[in-house]
Number of protein chains: 2
Amino acid sequence: MKTREKILKAAQEAFAKKGFNGVSMEEIAKAAGVKKALIYYYFPSKENLFEEVWTRTIDEIEESLFKEVENEKSYMRKLKKFLRSYIDFVTNKTVLVELIEKERSSIVEEQKWENLRKRYNGFLSKMANLIAEGKRYNAIYDDIDPIAAANLISSSITPRKKGMLNNILSMIMRGILKEK
Amino acid sequence: MKTREKILKAAQEAFAKKGFNGVSMEEIAKAAGVKKALIYYYFPSKENLFEEVWTRTIDEIEESLFKEVENEKSYMRKLKKFLRSYIDFVTNKTVLVELIEKERSSIVEEQKWENLRKRYNGFLSKMANLIAEGKRYNAIYDDIDPIAAANLISSSITPRKKGMLNNILSMIMRGILKEK
DNA sequence: CTATTTACTTACCGTTCGGTAAAAAATTAT
DNA sequence: ATAATTTTTTACCGAACGGTAAGTAAATAG
């Protein structure tokens, strides 16, 4: 792996585990097997490094979730596949979701992270579009705000024990889908 | 207000806004209008201060939510009142909920916070008991795990725009309640 | 009034932080 | 082969961190 990628991966894991303020550049360097100064050769600052980690993380999630769903014909199959993929992703790529869980509120609140907030909202919008589509197919309750549904999904489908995740998903599905 | 209370309140607000690692003892001292060393007169360490803030925050939430619900006779009224109180609390005491939202994942994951995790799980258990009661009254779907429902509520009822909060709540209610 | 305890301040400690300049090593181009 | 460029290391900086020791001021007890 290229050095830059090694740094990004180590940073992603460290930020996910300890949060932006909980991890030092020294730690990231050690985890990546490089000297700290080398990180500053590839990234101008800790904030900038975090920004790239965040963006790439959401890129990964989006690609994984929306790619394999785009060729489904039936809406119901599409949405269910999406939610199943979501659970799989949360289960197998835990670290990516942990990063979001840990820093979401900071990114939503602090003006400093405006770009990252936009990226995150873009992800939510894509999910909201999928939900909105369901209203046209009469598959989803009329009174549901697609963006609220996307927020609900994104903040509750997070790394947990498998049984609990499935249970949470079934509650959400019953809450938004007209039929099972 | 007593000095110790001033410190606790300032710490609560600071931790809620910036998280444990994002805030310095100096900042907390300034916000409380005292010298930093005085904090160490009342609290042995930053971690200890945070522990007390966390515990008192959950105490406050619990008291507010469960106190005014305990005298309801009809289960349906009780649960709905509980959820309404939850929304009110989240809306009006934003800072308390933000603290939990920001540090929940660290506290659930890091062994260092074992006591705080227990306190948080105790809160979830209380909520789960309320849900479990609903199963006995045939008000809540049989296949629902009360603890999963408590987790769903706690992680999705967080500070947001009022309309969205209500929308999220109605999805959750439809997801767990047999009838409206 | 004085002795003792409680509350608070000043001044500092060692460490770690994010970040940088400059040199060294490795790679590539001529 | 050697010059030019890219990548990496070494050695350091000032600031901020959590925390402490020693002393002062205010309240309370005898």
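So you know, we letter chains A, B, ... as the sequences are listed, proteins then strands, and number each from 1. Please read these numbers as outputs of a predicted model, since none were measured by experiment.
Surrounding CD1 of Ile147(B) are at most 12 heavy atoms belonging to other residues, nucleotides or ligands under 6.0 Å away. Shown here is Lys9(B), whose NZ atom has no more than 12 heavy atoms of other residues, nucleotides or ligands within 6.0 Å.
Judged by the 6.0 Å distance and 45° axis criteria, Lys102(A) is not positioned over the aromatic ring of Phe15(A).
Once rounded to the nearest 0.5 Å, the distance linking CZ of Phe20(A) with CD of Glu47(A) reads 5.0 Å.
Going from atom CG of Leu38(A) over to atom C1' of dT20(C) covers 14 Å, rounded to whole Å. The distance between atom OH of Tyr42(A) and atom P of dG19(C), rounded to the nearest whole Å, is 18 Å. The distance between atom NZ of Lys2(B) and atom C1' of dA27(D), rounded to the nearest whole Å, is 11 Å. The separation between Ile39(B) atom CD1 and dA7(C) atom C1' is 14 Å, rounded to whole Å.
Using a distance-only test at 3.5 Å, with no hydrogens or angles considered, no donor-acceptor pair links the side chain of Arg160(A) to the main chain of Ala148(B). The closest donor-acceptor contact from the side chain of Thr91(A) to the backbone of Ile87(A) lies under 3.5 Å.
OP1 or OP2 of dA7(C) lies within a sub-4.0 Å distance of a side-chain N or O belonging to Tyr41(B). Taking side-chain N and O atoms only, Thr3(B) has no distance below 4.0 Å to OP1 or OP2 of dA7(C).
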**Reading 5' to 3' through nucleotides 10-24 of chain D, protein heavy-atom contacts under 4.0 Å coded B for base, S for sugar-phosphate only, - for none** = B------SBBBB---

